[in-house]
Amino acid sequence: MIARGKSPAELGDTLLYLDNVTVSFDGFRALNALSLVLEHGEMRAVIGPNGAGKTTMMDVITGKTRPDEGEVMFDRTVDLTRLDEPAIAALGIGRKFQKPTVFEPHSVWDNFLLALAGDRRPRFTLWARETAEERDRIEELLVLTRLQEVRHHRAGDLSHGQKQWLEIGMLLAQDPQLLLVDEPVAGMTDAETAQTAELLRAINRTHSVVVVEHDMDFVRALGVKVTVLHEGSVLSEGSIDHVSADPRVVEVYLGR
Amino acid sequence: MTRTSTAICLVLVLGGAVALAALNLATAPGSALHVPPYVVSLVGKYLCYAILALAVDLVWGFAGILSLGHAAFFALGGYAMGMYLMRQIGARGVYANPVLPDFMVFLNWQELPWYWHGFDNPLFAMLMVVAVPGLLALVFGWLAFRSRVSGVYLSIITQALTYALLLAFFRNDMGFGGNNGLTDFKDIFGLPLQADATRAGLLVATAVALALCLLLSYGIVTSRFGKVLIAVRDAESRTRFLGYRPENYKLFVWVISAIMAGIGGALYVPQVGIINPSEFAPANSIEAVIWVAVGGRGTLVGAVLGAILVSGGKTYFTGALPEFWLFALGALFILVTLFLPAGIVGALRRRRRTPATVPAPEPAE
Amino acid sequence: MLEVRGVDLHYGAAIALRGVSLTAEIGEVTCLLGRNGVGKTSMLRAITGAHPVSRGEILWNGEPVTRLPLYERARRGIAWVPQGRDIFPLLTVRENLETGFAVLPRGQRRLPDEIFELFPVLKSMLRRRGGDLSGGQQQQLAIARALVMKPRLLVLDEPTEGIQPSIIKDIGRVIDLLRGRGDMAILLVEQYFDFARDLAQRLLVMERGDIVLAGRRDQLDEQEVRRRLSV
Amino acid sequence: QGAAPIKVGILHSLSGTMAISETTLKDVMLMLIEQQNKKGGLLGRKIEAVVVDPASNWPLFAEKARQLITVDKVAAVFGCWTSVSRKSVLPVFEELNSILFYPVQYEGEESSKNVFYTGAAPNQQAIPAVDYLAANEKVQRWVLAGTDYVYPRTTNKILEAYLKSKGVKDEDIMINYTPFGHSDWQNIVAQIKRFGSAGKKTAVVSTINGDANVPFYKELANQGIKATDIPVVAFSVGEEELAGIDTKPLVGHLAAWNYFQSVNTAANRGFIKDWHDFTKNPKRTTNDPMEAHYIGFNMWVKAVQKAGTTDPAKVIDAMIGITVPNLTGGYSAMMPNHHITKPVLIGEVKNDGQFNVVWQTPGTVVANEWSPYLEGSKDLIADWRSPLSCGNFNVKTGKCGGASK
Amino acid sequence: MTFLRIFLVLLALLAGPAARAQDDPFAGLASDDFAAVSAAVSALALSGDPQAGAAIAALKADALFAAPDGTLLIRGDDGYVDARTGRKAEDVNEDDLNPVRVNNAVRRAVDAALGSLNLFAADASARARAAEDVFRSHDPAALPALGRALAQERDAGARRVMEQARAAALLNAEDAPEADRLAAVATLRARGDIEASALLGALHDQPPAVATAAAEAREAIARHLRLWSLAQSVFYGLSLGSVLLLAAAGLAITFGVMGVINMAHGEMVMLGAYTTFVVQEAVRGYAPALAAWSLPISVPLAFLVAGGIGIAIERGMIRFLYGRPLETLLATWGLSLVLQQAVRSLFGASNREVSTPDWMSGAAQWGGLTITWNRLTIILFAIVVVAALMAALRYTALGLRMRAVTQNRRMAAAMGIRTPWIDALTFGLGSGVAGIAGVALSQIDNVSPNLGQGYIIDSFMVVVFGGVGNLWGTIVSALTLGIVNKFLEPVAGAVLGKILVLVLLILFIQRKPRGLFPLKGRAVEA
Ligand SMILES: Nc1ncnc2c1ncn2[C@@H]1O[C@H](COP(=O)(O)OP(=O)(O)OP(=O)(O)O)[C@@H](O)[C@H]1O
Ligand SMILES: Nc1ncnc2c1ncn2[C@@H]1O[C@H](COP(=O)(O)OP(=O)(O)OP(=O)(O)O)[C@@H](O)[C@H]1O
Ligand SMILES: NC(N)=O
Ligand SMILES: [Mg+2]
Ligand SMILES: [Mg+2]
């Protein structure tokens, strides 16, 4: 599918390039020679059985886990395996975790404030004042995530679903070039799920996105290319109809 | 760290110190209003402890770094000041040696070790008061935070640090007077240390230093920097994915805090008249943490209050109940923990807070 | 039968449940629906004893359990699959499952084979630490762990969250099977409406800390329910 | 009666690391004060003890000293054990011109107008002990083992100079320092054993402090070092310390003090009986620093009677020359250097935890507060009588060095 | 009594007719001058007086008294016996008696005298011990006795020591021929220990050949001992490590497993040590026959006492603090102050004596290795305690529940685990183990209210260095720290050695921020 060892020039409009990535934990291979290419402006849905390695793949991209082997390139020239998490975040890669993780002692408002794009260095934050612009942006996000009413609540006191929304909002606040979204609609009602799909499509107009989800209706609603992972490597790739028809995908993932 | 409580605390500290100093100097010893010098130096000592407590609260309350070795910075600042005071003695030591401090003379040292040079200069000495603890904190913090040492691991190595320093300063060969440390100071900046006016001046200076530290800390923790710090405290790895470098944040407050502790120590030494290695004892650092916990972690004002109350309690109990004061103090710690989970200031403030900050006990969480 | 009567639940000063009542019959699946933050999880916490209620009463098979601690309720047959899974991260998968033995008499402390039929992946991971599993695997483990307890009231909080479609189907089959045995009451919180509708005999819909719609599946207007679940 | 009582401060740690040693001293002071009150008090007034706990915390010592003097207005303070605690309170006593009685053997190199040193200076303990070993045990090789702090350091410096002046060679002296509370002595004891196997009679001179002694002696016993092979002579191990050790394997090891509980004099028998009655414990031991307080307190009483007042300035002047009986059958006198004369006794450990006095100086020894064996201090003397009134008078330059008033 | 008879016969043999001529062989014993007493002891041993052995033995036991009239009396279990006649003495006025005082010189003379006499004891090990005494005194006067003893010695071990003793005495004799001397040097070289080296080093006035041989022998011994000293350091290290391990094991539960920053841990250790003290006193008072067993009896009792108090602490205090791990620091610190002071008020501030049973005292020589019994016992004890602890946590249902509760208290309760009970038991177990450590520490350290304080810092370091929550790590960490310490100590000195260990520890944590055996993976971050 992907030719090995391409030079940067050959990668064309590639934003994210994973090649032959292998990660093992005490001998267990969570990723097994995984390769994946994401174009600029593309949105990709990644599905696959529990334990296929989807979250691990995101860990590798964001610098949380170092691969044992393989190449992870961003924007053709940046080798992500050499960078740590803040450096990768600074490149414009944002992430929403599978298990919602927010800053629990802070209010919803402050969570957004901390996530907003901007200078992250101590010497800036020490003097930073909340600008009108920032306030407007946070208000927008509060509406979008329907958290207006709880804006002053401690994030730790939110319900599970509210935290999911908050984290999605924080990801948007970062305004990254590439969004990695791990199971965004888990715990959402069907209506919310549909809205979220809509939201992601809107974002995708200006950003690149990788979405992991088990909700097939949602994936279908996204209407993008789907990659199916299984046991750490790509099992199938193509449109949602293509992969749902793949008997191997039905066997290991969709079930009958 | 609400604005009002911080302001009240500032006024009390500054006003109180000035009032005590004035009453000490301006009234006659017999008068009812007279504040004896004993009280002046006692309060001065408490305020130094309060600076240390503030330093601990800054890193513990807001960056989640439980330092069990903060007294090391306090002691280092104290030693820097002590070395200056020692050099001030000049030929007035018992052996009348114009250069060597007494303890060097009687252990047959021939010349002043290199690291003692410059301490006769007050400016240099004051620079060292901040530079030595600051540098140690910088090196230690840089190593530890960069390697992502955190939690109890960090706590224990801070303890190891202060313990190692304790042992090192104990060694007579180190040239810091061994177990006896540095004593027998005569004057500071040319003023006799035993004069009431000097004492009162030191008290006011300490109060001013405490006030400045409090303002600085308040400024730091209420800034956006402070919010990041709290985020780091409770979800360090999450902040990284947002592009923050927790190690830089921690290192910054860590060094600031160490310098604050060093200043506290430097003011402490002329007021108590001795600095020796027992100030490095791990128990001292733990006590500083306890002041903060009693007053209320993460409240700044609580740290000041806790330090003064606990030290005051110790002064009172060791005199009033010499044989049983440990029961009283120990019980106080236990009761505060059980009944005032957020410390004294936390308890005063507990209004709008939901118990999510403080999970209900059995059987819930 | 589980009966909840007029329960209030507070988090500090904030109220999460206001005088809620519900029942769940043995041999039936009762499904609790509602948008984010309406209090579904809080309801389950009240029933399992994970959070104290400030008013009202909870009866299990006629016995009031309102003041009993969690473990006493567990010993009376109430098992809980919490939202967020609450796997014991440092225990192995096997040990996680074996924590369920606490409520069983000594002779019955064996891992039932059916859980491995249901979740084959667990069988191959018995020696792995629970915390290392993927999100979906943990969810499977949480359900399996509850089944080890041989419960008579099974309380599930969004059990399909993060689980791959084929296993969701399996879980549906198991819930149905367990219900079919007729000795267990099942209370299910779900966002995934189709799944809930297919399984449940009774549906309850919550809004802002109270139940606003309740009834047997065939009696309820599906459009009405869906409307209440959307914004 | 009727007059306000005379207050006396007791400044001994009742908690923390030094409580082990100092608590007893507080008790003996309470006993002495009670006895004095039974005898009608002092100047027709009762004596009242003010006990505080400086908690083994050196700055707290200074704070408590100041409190005793300025708040409680005590006439004199009996207290301190470690040198550092004394150093910590010294400026307070000098500033407020009050009196401290310091009852513990120490390194010397000090003489303050406001302190009366009732414990031994190095020449009243260490040097006679070394002489004894050289003469009676024919010791030629010396291990100077101590806790790493000022008292052992100074004592060992003095001993080293002294031994060398007697012709002992460098390679026959081994010096070893350990931290406070050192508890694992395996290596060091083995090292001592090795050092002692060079063929010359070897002895250990121990300035090991307090807590570290029990594990040290236990290890000696374990590794089978008997007093007949390598005797250990200690300056900080008394009856109180031995109470925590099974002494059977230690029989014959030595200690040098100015008092032992086993000294068989009428005065001592009486003292021990009073002590047992006072503490209601027939097993409580007595020790050297207790005797020092006994002497110091009696001297103070006499000086107050002589001065007719408790005013420290007057009492300080009255102190010099006061002579009181000690418990070992002689008299101790307060010398112009504010140190007292003492007999030196060498005792061997018995299996009941007591000491068997095997040697003693024929008379009493005057303290060398400034050691003649140290470069810096050999020209210094202390004499608090006017007109000299100086704690560190340099006989070479003819000046009262430093600022000590 | 056989012993006494042999002993008397022997005296007669030894002394011969000349000694009998002396008037009163006991005369010098009552002297005030130790040198005179020493001489008198030696003379008495040679005198052949039938009462000599008893008198010398009494002297050694501090049971010989002098009356003002010059009578010497031996104090026995039932009254006094006249030393000269062996007859019971009547009407003794105890107040008039003065003990015959002994100093080290006298003791040496006594040992030498008794040494020669015991060479003919019935028990082979007693003979070997006697020979060892002679070896140490290397008094040429013992040569004839040694010769006779050797002639009839059957036991190989005793025989070897006697030969060494003879070699030692011979080298110090004035008239031994050079060949014998060379043989003696070879014997001592073969013995190969420090004592032999010391003896060889102390020789003077030897013929040149002998002097050279002695010097060579000393070098050979030194080479030999250098190798052993490596092993010796390892033993010291293991021994220190096992002490650290014992002290830390309980903390590995209360802190490592439960997450309670237990500053009162040291006080639990101290309570264990005081339990040992109380048990010992009780045994002495009520069941003296069990005296040797008071330590083993203390182990379960210390466990129960410290464990019980631990349970009380958990119920009364800690349980309100779950989820607030840092607050436990404050409360347990307060508690440690209270416990220390309580013990101080109850037992007094000074040290209490816990004696070492005979089976734990002394040392065994194994090649160049000195293995002290108490240390060896503690090493073995530590292994047993920690192995039992690990097994309990890993393989029992209770252990599983303990771990479950500490990882997620609420969920554990939801699984039907009685969390309050398990919490109390876990804290009790950790405290109980600390108590057991106290029993062991009573053997090597002060039993004082401060005992625990001396170990708390080290304990935390051990647990953290090994990796919190990992008992196996705790073991490796304790032993490593012990060994590193013991290898650094001779090179750097005790103080600097300790500083170095701390600095190494700080640097090590930089490389391994979660200890030697970190728990890895998602499980930890979760
Ligand atoms: N630190 C670790 N140690 C051991 N195994 C691990 C570790 N991290 C992940 N794994 C294993 O790697 C595999 C991949 O996990 P991953 O979380 O990437 O799966 P996933 O595709 O995200 O699954 P899900 O859909 O359930 O979230 C799983 O089998 C998991 O158990
Ligand atoms: N521990 C807590 N402390 C304070 N408030 C809480 C806590 N847990 C939940 N809440 C609040 O109580 C309300 C009900 O929460 P609950 O978790 O029961 O909702 P839910 O219906 O389960 O939502 P979701 O579908 O998102 O899981 C929410 O407003 C939430 O913010
Ligand atoms: N003076 C002493 N022994 O410290
Ligand atoms: Mg995943
Ligand atoms: Mg919920």
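So you know, we letter chains A, B, ... as the sequences are listed, proteins then strands, and number each from 1.
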Count the heavy-atom pairs under 4.5 Å between each of [options] and chain B, then report the option with the highest count.
| options | value |
| --- | --- |
| D:L380, D:L90, D:D379, D:T154 | D:T154 |
| D:V150, D:L14, D:T23 | D:V150 |
| D:A62, D:A55, D:P59 | D:P59 |

With a 4.5 angstrom heavy-atom cut-off, is it the side chain or the backbone of [X] that approaches chain D, or both, or neither?
| X | answer |
| --- | --- |
| B:N108 | side chain |
| B:F185 | neither |
| B:T315 | both |

Would you call [X] and [Y] a side-chain contact if the rule is heavy atoms closer than 4.5 Å?
| X | Y | value |
| --- | --- | --- |
| B:P36 | D:T70 | no |
| B:N172 | D:D148 | yes |
| D:V52 | B:T318 | no |
| D:E109 | B:V94 | no |
| D:L374 | B:V105 | no |
| D:R86 | B:T183 | no |
| B:V39 | D:Q67 | no |
| B:Q194 | D:E94 | no |

inquiry  = Between B:I274 and D:V84, is the side chain to side chain contact (heavy atoms under 4.5 Å, CB included) condition met? List the steps.
reply    = CA-CA 9 Å; B:I274 183 168; D:V84 54; 4.1 Å; yes
ask   = Without hydrogens or angle criteria, can the side chains of D:E63 and B:Y38 be said to hold a donor-acceptor pair below 3.5 Å?
value =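 There is no such pair between these side chains.
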request  = Using a cut-off of 6.0 Å, state whether more than 12 heavy atoms not belonging to B:Y316 lie near its atom OH.
outcome  = no
Crowding at CD, D:E48 (>12 non-hydrogen neighbours, <6.0 Å) = yes
If I take atom [atom1] from residue [X] and atom [atom2] from residue [Y], how far apart are they, to the nearest 0.5 angstrom?
| X | Y | atom1 | atom2 | result |
| --- | --- | --- | --- | --- |
| D:S88 | B:N276 | OG | CG | 7.5 Å |
| D:N57 | B:N284 | CG | CG | 6.5 Å |
| B:F327 | D:S15 | CZ | OG | 11.0 Å |

task = Report the C-alpha distance between D:R66 and B:L42 in whole Å, list the side-chain angles of each, state the deciding distance to 0.1 Å, and finish with yes or no for side chain to side chain contact (heavy atoms under 4.5 Å, CB included).
result = CA-CA 10 Å; D:R66 199 174 279 280; B:L42 206 56; over 6 Å; no
message = Tell me whether D:D53 is salt-bridged to B:K314, with the criterion being a basic N under 4.0 Å from an acidic carboxylate O.
response =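 No, this pair does not count.
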message = Any carboxylate oxygen within less than 4.0 angstrom of a Lys/Arg side-chain nitrogen, looking at B:R199 and D:E95?
response = yes
message = Need one label for D:K399: side chain, backbone, both or neither, based on atoms under 4.5 Å from any heavy atom in chain B.
response = neither
key: Segment of D:V92 engaging chain B (4.5 angstrom heavy-atom cut-off)   =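 Neither part; nothing is under 4.5 Å.
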key: Ring centre gap for B:Y95 and D:W370 strictly below 6.0 Å   =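 Ring-ring flag for B:Y95/D:W370: true, centres closer than 6.0 Å.
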key: Evaluation steps, side chain to side chain contact (heavy atoms under 4.5 Å, CB included), between B:F106 and D:S371   = CA-CA 9 Å; B:F106 80 72; D:S371 175; over 6 Å; no
inquiry  = Using the rule given for salt bridge (charged side-chain N to carboxylate O under 4.0 Å, His left out), can you reason through B:D102 versus D:K87, listing the C-alpha separation, both sets of side-chain angles and the distance that settles it, and then say yes or no?
reply    = CA-CA 12 Å; B:D102 287 342; D:K87 292 272 184 211; over 6 Å; no
query = Should the pair B:F170 and D:F180 be assigned to parallel (<30°), tilted (30 to 60°) or perpendicular (>60°) ring geometry?
reply =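 Rings of B:F170 and D:F180: tilted, as their planes differ by 30° to 60°.
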